[in-house]
Protein chains: 4
Amino acid sequence: MKEKLWGGRFKSFTDKNVDEFNASIGFDKRLWREDIEGSLGYCRALGKAGIISEDKVEVISDALKEIYREIEKGDFSFDEGMEDIHTHIEKALIDKVGDIGETIHTGRSRNDQVALDTRLFLRASIIEIDRVAREFQLSLVEVAEKHLDWIIPGYTHLQRAQPVLLSHHLLAYYEMLKRDRQRYEEVLQRTNILPLGSAALAGTTFGLDREFLSRELKMDGITSNSMDAVSDRDFVAEFIFTSALLMMHLSRLCEELILWSTEEFNFIEISDSFATGSSIMPQKKNPDIPELIRGKTGRIYGNLISVLTMMKGIPLTYNKDMQEDKEPIFDTVDTVKNSLGIFTLLLKEIQFKRNNLYGAVEKGYLVATDLADYLVRKGMTFRKAHYVVGDIILAAQKKGVEFNDMNLNEMKSFSALIEDDIYEAIKPFSCINNRNIPGGTGIEMVKAALNKAREDLKL
Amino acid sequence: MKEKLWGGRFKSFTDKNVDEFNASIGFDKRLWREDIEGSLGYCRALGKAGIISEDKVEVISDALKEIYREIEKGDFSFDEGMEDIHTHIEKALIDKVGDIGETIHTGRSRNDQVALDTRLFLRASIIEIDRVAREFQLSLVEVAEKHLDWIIPGYTHLQRAQPVLLSHHLLAYYEMLKRDRQRYEEVLQRTNILPLGSAALAGTTFGLDREFLSRELKMDGITSNSMDAVSDRDFVAEFIFTSALLMMHLSRLCEELILWSTEEFNFIEISDSFATGSSIMPQKKNPDIPELIRGKTGRIYGNLISVLTMMKGIPLTYNKDMQEDKEPIFDTVDTVKNSLGIFTLLLKEIQFKRNNLYGAVEKGYLVATDLADYLVRKGMTFRKAHYVVGDIILAAQKKGVEFNDMNLNEMKSFSALIEDDIYEAIKPFSCINNRNIPGGTGIEMVKAALNKAREDLKL
Amino acid sequence: MKEKLWGGRFKSFTDKNVDEFNASIGFDKRLWREDIEGSLGYCRALGKAGIISEDKVEVISDALKEIYREIEKGDFSFDEGMEDIHTHIEKALIDKVGDIGETIHTGRSRNDQVALDTRLFLRASIIEIDRVAREFQLSLVEVAEKHLDWIIPGYTHLQRAQPVLLSHHLLAYYEMLKRDRQRYEEVLQRTNILPLGSAALAGTTFGLDREFLSRELKMDGITSNSMDAVSDRDFVAEFIFTSALLMMHLSRLCEELILWSTEEFNFIEISDSFATGSSIMPQKKNPDIPELIRGKTGRIYGNLISVLTMMKGIPLTYNKDMQEDKEPIFDTVDTVKNSLGIFTLLLKEIQFKRNNLYGAVEKGYLVATDLADYLVRKGMTFRKAHYVVGDIILAAQKKGVEFNDMNLNEMKSFSALIEDDIYEAIKPFSCINNRNIPGGTGIEMVKAALNKAREDLKL
Amino acid sequence: MKEKLWGGRFKSFTDKNVDEFNASIGFDKRLWREDIEGSLGYCRALGKAGIISEDKVEVISDALKEIYREIEKGDFSFDEGMEDIHTHIEKALIDKVGDIGETIHTGRSRNDQVALDTRLFLRASIIEIDRVAREFQLSLVEVAEKHLDWIIPGYTHLQRAQPVLLSHHLLAYYEMLKRDRQRYEEVLQRTNILPLGSAALAGTTFGLDREFLSRELKMDGITSNSMDAVSDRDFVAEFIFTSALLMMHLSRLCEELILWSTEEFNFIEISDSFATGSSIMPQKKNPDIPELIRGKTGRIYGNLISVLTMMKGIPLTYNKDMQEDKEPIFDTVDTVKNSLGIFTLLLKEIQFKRNNLYGAVEKGYLVATDLADYLVRKGMTFRKAHYVVGDIILAAQKKGVEFNDMNLNEMKSFSALIEDDIYEAIKPFSCINNRNIPGGTGIEMVKAALNKAREDLKL
């Protein structure tokens with residue numbers, strides 16, 4: 001029982017099956033940095049409050065730092081028999097400094113300690129994810145700049161709809177990621193708050209200066225209610241949800257890359273070093289990475305449901321159920337970071353096929369809206385113009401031609417408003433540049449959007 | 001075909017089964033206010049851009065307002081045969097003003113129109129939910145103030161842990177709701193952005209002043225990329241997620257009210273007018289409302305998964321799948337609003353039983369931590385103190401008594417550090433007031449928290 | 001209070017907000033058929049047990065049937081003020097026959113009554129869904145038969161992999177639906193079990209012949225434990241899960257139809273009457289139905305999570321949370337039935353484009369595996385053959401040709417094992433017929449599979 | 001490239017980041033047993049088909065068995081650089097036997113191979129889970145038998161409802177597990193089907209005797225459509241769903257054990273060796289195991305959503321997304337097995353407190369229904385009786401007494417039908433034995449249920 005932090009009133013040892021089932025050390029050892037970081041700060045705060053003398057603070061701090069270095073160097077052997085990382089570090093501390101080490105837990109409970117560790121871990125993770133997300137955005141911007149005026153079919157319902165710039169298309173994802181990063185920033189603010197001082201649930205009786213401790217740990221404030229503080233996992237759910245949206249965004253781009261890689265679309269070629277083959281079909285070259293990322297979306301949705309289900313209907317304050325928050329956190333951090341990282345590399349390995357993209361724009365009456373808009377500018381109502389263009393398309397389809405293949409007389413037979421400026425009006429590039437409205441695909445607008453993105457990314 | 005906005009190139013009528021299956025009018029008619037509001041603004045913007053002459057703007061606006069009043073008064077008969085609310089309102093407009101009405105859709109697509117309507121609807125809904133959430137918080141504060149110094153057992157693992165103030169316990173929920181409202185506020189900011197001008201996907205060709213239109217519709221800005229704008233439903237998922245967290249919080253309080261209403265806890269009595277009975281067991285009085293709200297948590301989790309699944313892996317831009325966002329939105333708005341509303345009323349109908357609460361605090365060694373802390377203050381390390389108190393408890397349990405029932409000699413036999421100030425130190429109220437740390441349950445701290453809450457709620 | 005089934009011990013009326021919030025009549029009125037059907041059976045069982053005299057059984061039965069007819073004809077006005085359908089029907093009965101009607105609830109609780117009604121409703125729904133699922137399968141078989149020997153590229157990773165028969169591809173979905181129907185059949189067996197007699201939770205005290213009642217209601221047995229019986233919703237979750245799998249299957253076929261409808265694949269044309277257009281782009285023809293069905297998949301996943309969340313962690317026996325099972329059930333039944341129904345019609349409206357399908361097979365080295373298998377048959381190990389074919393493909397790609405375009409000498413330069421029988425061996429149809437293994441795409445195998453399907457569908 | 005099974009046509013090595021991201025060896029090495037088992041069978045089938053000579057079959061089989069033993073003994077070092085377990089084993093085989101080993105993959109693809117391995121793994125896992133589930137049921141039965149006639153309050157809405165036998169209550173869980181095991185059995189039948197022979201997607205060209213191979217691998221049949229076979233993961237989703245229901249059932253029992261362990265209910269004591277303490281509160285004894293299992297319910301719900309999301313909307317046939325099925329499977333198997341295992345042990349460590357249970361039954365008018373039923377038997381309608389009993393309760397509550405404390409005259413004042421046999425009629429044990437209906441809590445019924453359970457468990 002001696003290695004438990006709580007054995008006092010217990011008459012018998014816990015069953016070893018119970019120990020195994022309860023133990024979190026198998027996964028929460030990943031929190032070792034945060035656990036030591038938190039204890040270092042807590043120790044200073046106990047010193048400031050006069051609970052531990054300053055020289056003992058030094059002794060404890062030195063020992064904690066030594067443990068940190070040992071783990072970092074791989075010289076620390078984790079004992080799966082220990083209940084959790086908190087117990088393990090405290091035990092290691094006491095092994096080093098003896099009784100003095102026993103003071104570190106004064107006025108602290110594992111309830112507020114694990115809340116702190118989790119918050120510190122997520123703080124670091126969000127900052128890291130934000131960094132890789134920014135790099136991914138940068139990659140998008142670079143690819144967009146490189147193909148600034150390349151034309152691609154814009155789709156609705158996966159049907160060719162209107163010509164757009166490839167750069168405009170890519171910037172749509174830039175915007176999604178921008179929102180993702182904004183959301184992470186907001187989660188970070190709610191995460192980077194100090195729960196220590198809440199103790200088990202009611203607050204510590206040792207007059208800790210929580211604001212001081214918060215500053216020591218570079219946090220943005222302190223929690224306002226101790227019972228809430230030890231049983232709040234909102235920030236965990238928020239983090240996973242934000243990640244779920246991000247993965248959903250990636251899944252959409254993945255779907256597009258998969259489509260564009262098909263023989264049928266044939267819009268892009270992924271370099272050999274970023275694709276894989278088949279064990280049976282020698283000709284195959286598969287877009288495994290986008291497929292895998294698309295699949296991993298489910299993983300994060302699943303993690304979200306795990307945490308939401310876990311928290312449903314449990315009374316205040318801490319309940320052991322909450323131990324189940326760690327693995328979804330770790331898995332989400334790894335999945336998002338790795339997916340963004342590999343995707344950033346992948347973007348650089350995609351070769352767009354200009355002719356195929358443009359060829360696709362020329363077929364399928366993508367400029368029909370512009371033809372209708374042309375009629376509107378000549379005085380027709382939009383509804384009528386829509387019908388007139390519908391008729392032209394039916395006739396063209398019957399003959400198996402595109403608008404460009406019809407001569408002016410044929411065109412005029414549908415509306416006298418049509419004149420010889422029509423051919424200029426329905427060139428794909430004209431159609432694009434007619435959309436010179438903020439947010440539109442007009443090239444000046446896209447240039448402005450790219451400049452704005454470059455500026456945002458400097459921050 | 002004439003009532004479709006898109007019939008032009010189609011050679012045959014759509015099958016009526018198809019019409020029925022595709023139609024959204026059955027549920028999206030709920031967006032009639034927003035659809036008209038959006039069209040009124042759009043019409044003015046078309047006027048400003050010179051697409052529609054100012055007098056026609058007047059004619060159209062007057063007709064739209066008339067339709068608004070008709071629907072409001074119930075004089076408008078919705079035709080389930082119409083495809084959607086947008087088609088329906090436009091048809092009604094044309095019926096009133098003839099050809100002029102056909103100009104309203106110039107440069108607009110249902111893709112950006114439905115995005116606008118949804119955003120306007122969510123804007124209004126979030127503001128309304130924020131209002132009822134604030135009222136719920138106010139109720140919590142009032143109940144907390146009314147029972148400021150009532151003592152209740154604080155629980156971890158649903159085991160009595162330490163005495164806390166009932167008001168402190170209730171304020172934990174205040175904090176959760178505070179975060180919920182903060183999140184709604186952030187979603188609102190991302191929601192209240194103008195998508196109009198994006199048209200189908202590439203931007204309109206009619207030089208609309210989008211910033212002007214945004215101000216007209218009291219929105220906070222314009223979307224930055226047209227392709228993103230017509231296929232972005234992040235704000236929908238965010239809204240539902242935020243609601244899921246809120247419902248999760250309510251589910252925890254529900255669980256507690258259900259527990260407290262049991263014969264076993266017997267901490268509260270819900271008034272007859274807020275409970276129900278059994279069709280077979282005459283003695284039953286059931287806490288139906290908290291049970292039902294707890295159950296409805298699943299509903300919102302489900303809505304969240306619906307929307308996330310819907311968006312997974314669909315390519316840019318708009319796809320018909322997205323029509324499935326409406327019902328989860330409506331259901332979430334209604335569920336959250338009604339749950340908060342009835343809960344606010346319910347809080348006022350709960351009678352707390354002071355003696356039972358206090359009785360529960362006196363039994364179960366809830367002040368054990370304070371006994372340990374007492375020893376720490378006398379010089380023992382916390383780890384040792386924890387073991388000493390464990391021994392005292394074992395002895396007390398054996399005799400079937402509480403700490404108070406043991407005399408000083410008995411106490412001293414466990415540690416010579418124990419003196420006669422011990423009895424004062426472990427009175428529940430002493431224990432509470434020892435936690436005079438920000439966020440703790442000390443009465444001065446709780447008073448300060450209540451004052452802070454009152455101040456926040458004024459805003 | 002008089003219209004409540006439970007008002008006895010209550011001192012005050014329930015608040016009208018509470019009534020509204022608690023009421024399920026708004027949706028559970030859909031169970032009217034089952035509620036009356038159940039009461040008719042229960043009444044006979046009470047008669048058999050001697051609790052109600054036979055003449056009163058007649059009176060009650062006649063009145064219940066009259067109510068049935070009234071509702072069926074639309075002559076019954078549902079009062080949203082009534083708590084639920086059970087209360088409403090009982091009230092209507094008492095209105096018709098007076099005090100005698102009050103005996104119908106003897107030994108019954110709404111807890112076992114609602115369990116019965118739900119089971120009867122699901123029984124009917126599953127039978128109906130099975131019927132439409134069978135029709136959908138029939139449609140698949142018919143389309144497969146009609147295009148028996150049409151060749152289409154088979155895909156893995158959405159890359160052309162090997163030639164397959166279109167009919168083989170369609171039969172893959174037949175198999176999925178076959179499993180779906182098998183699962184529904186199993187759910188049906190667990191659903192069609194009588195809970196009546198369980199009363200509130202402990203069993204009725206009136207010596208009911210439960211087996212008799214089970215037979216009267218055409219059920220397959222009786223529940224074995226009353227506490228389980230009133231709080232079991234496994235069959236609900238199972239039904240929704242089974243539906244979720246079915247919708248997932250449909251979502252895959254939808255994805256394919258959407259792909260095949262693109263300008264890029266151009267494998268199929270959906271008839272005008274089963275597609276829709278755009279309000280702004282006159283050329284558009286959108287595959288709305290498959291998109292919408294794909295989107296509705298999320299809806300059913302959501303319903304599943306709703307019910308699973310609702311049931312998580314609630315103690316025995318009935319809790320009000322469970323009232324939340326109805327709407328997910330109704331929504332799932334409607335969604336699955338309508339999706340299958342419209343899909344069955346849609347299948348008939350799809351025109352496959354034989355030349356485009358075959359053209360796609362001829363490009364992309366789809367027969368590479370057969371080339372490798374050819375080498376294996378000539379004595380090479382498969383691993384080596386895989387590499388040799390890889391080399392041939394690299395050479396072919398460099399020249400921009402397909403295998404057929406390379407002459408024998410060129411071929412032989414990669415392996416002396418290649419002889420002039422190679423060209424026959426890699427004809428698409430040869431490749432297909434080489435796969436004459438049960439489950440394979442060889443035409444004789446597909447014919448056999450179609451025969452088997454026809455036989456299965458007769459049942 | 002030499003260690004890839006598919007490198008032939010690739011001009012450059014895959015990026016090492018790609019290799020890492022794609023690799024599944026980190027988790028799918030867990031399938032080593034199944035992979036070797038499958039290859040052993042496949043090798044024999046190739047021999048039977050004459051593709052490999054019988055002596056080579058021997059050589060390969062011996063080498064595979066040697067690899068098996070090496071891994072079993074821990075003498076095999078897994079190389080995280082290998083792509084997956086299939087590649088790894090094949091590589092090891094070739095290292096042992098040279099070129100001969102290259103024949104093993106003839107006519108097989110990783111697509112059908114991984115489907116087989118997964119099916120074999122799930123087959124073994126389901127059988128193992130069924131075993132531990134049966135043991136859990138056995139534990140329930142033993143505890144029920146040990147406390148056969150102990151009376152406990154039965155609850156609805158967590159309000160005391162009617163007296164029931166503790167054994168009856170426990171058997172409710174027996175029934176749930178019985179359904180769970182039935183569902184696993186059904187999943188097993190759909191899982192234990194041979195996909196080999198499907199090759200990549202279209203079927204192998206080597207005339208394999210699939211029925212023979214199926215028997216060799218002790219499977220129950222062969223898949224019917226090769227395209228379905230390589231892209232079917234229904235059995236995975238089914239397995240996880242079945243596990244989700246099982247965990248939901250456990251979560252309900254967990255909730256009850258947590259409640260019963262509270263100071264307030266005080267119905268049970270969990271032995272010290274199966275509970276844990278607090279690092280700060282010396283008096284605490286926490287029911288960690290049931291809390292943790294309740295929390296793990298979320299984990300399995302999450303795994304279910306992961307797999308369902310992964311499969312949504314992906315076209316035929318195999319897509320890389322599907323690689324994401326493994327970890328949810330492994331996690332679900334481990335969670336269910338461990339939860340059931342520890343729960344079985346826990347059940348034996350629970351001490352029920354007979355007096356407290358009975359005391360709870362005597363307070364709260366739990367026999368009110370029986371009082372009403374008594375009146376019905378004397379001739380009153382049930383609805384009237386319900387109201388009369390309601391009045392008696394109101395009077396009793398006012399005086400603060402239970403029914404037993406009221407004398408006959410008081411009783412009679414509510415209804416002349418009440419006579420002195422009333423006191424016998426409302427004894428808890430009478431109430432229980434009045435429920436002598438199949439499925440009811442009457443002791444004879446419970447005995448019969450226990451006998452039935454014992455019999456079922458023999459199988």
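Reminder, nothing fancy here: chain letters follow the sequence lines and each chain counts from 1. It should be emphasised that the depicted structure is a prediction, and the values quoted were computed from it without experimental measurement.
Looking at A:S226 and B:R435, their side chains never bring a donor and an acceptor atom within 3.5 Å of each other. There is a side-chain donor-acceptor pair under 3.5 Å between B:T205 and A:D373.
Using a 4.5 Å cut-off on side-chain heavy atoms (C-beta onward), A:R190 and B:R183 make contact. Side-chain contact between A:H249 and B:M311 is absent, with no heavy atoms from C-beta onward closer than 4.5 Å. Within the 4.5 Å cutoff, no side-chain heavy atoms of A:I100 are placed close to those of B:T381. Under the 4.5 Å side-chain criterion, counting only non-hydrogen atoms from C-beta, A:V376 is in contact with B:F206.
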From CA spacing to verdict: side-chain contact (heavy atoms from CB on, under 4.5 Å), B:R383, A:E90: CA-CA 11 Å; B:R383 277 287 145 251; A:E90 186 172 334; 2.9 Å; yes
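Contact annotation for A:L308: both backbone and side-chain heavy atoms come within less than 4.5 Å of a heavy atom of chain B. Residue A:A449 does not touch chain B at all, counting heavy-atom pairs closer than 4.5 Å.
B:Y365 pairs by the ring pair (Phe, Tyr, Trp, His ring centres under 6.0 Å) definition with B:F403, not counting sequence neighbours. A search for ring pair (Phe, Tyr, Trp, His ring centres under 6.0 Å) contacts involving B:F241 returns A:F241, not counting sequence neighbours.
Ion pairing of B:E238 with A:R179 is absent here, as no side-chain N (NZ or NE/NH1/NH2) approaches a carboxylate O to less than 4.0 Å. Contact check on A:K178 versus B:D228 returns no salt bridge, with no Lys/Arg side-chain nitrogen under 4.0 Å from an Asp/Glu carboxylate oxygen.
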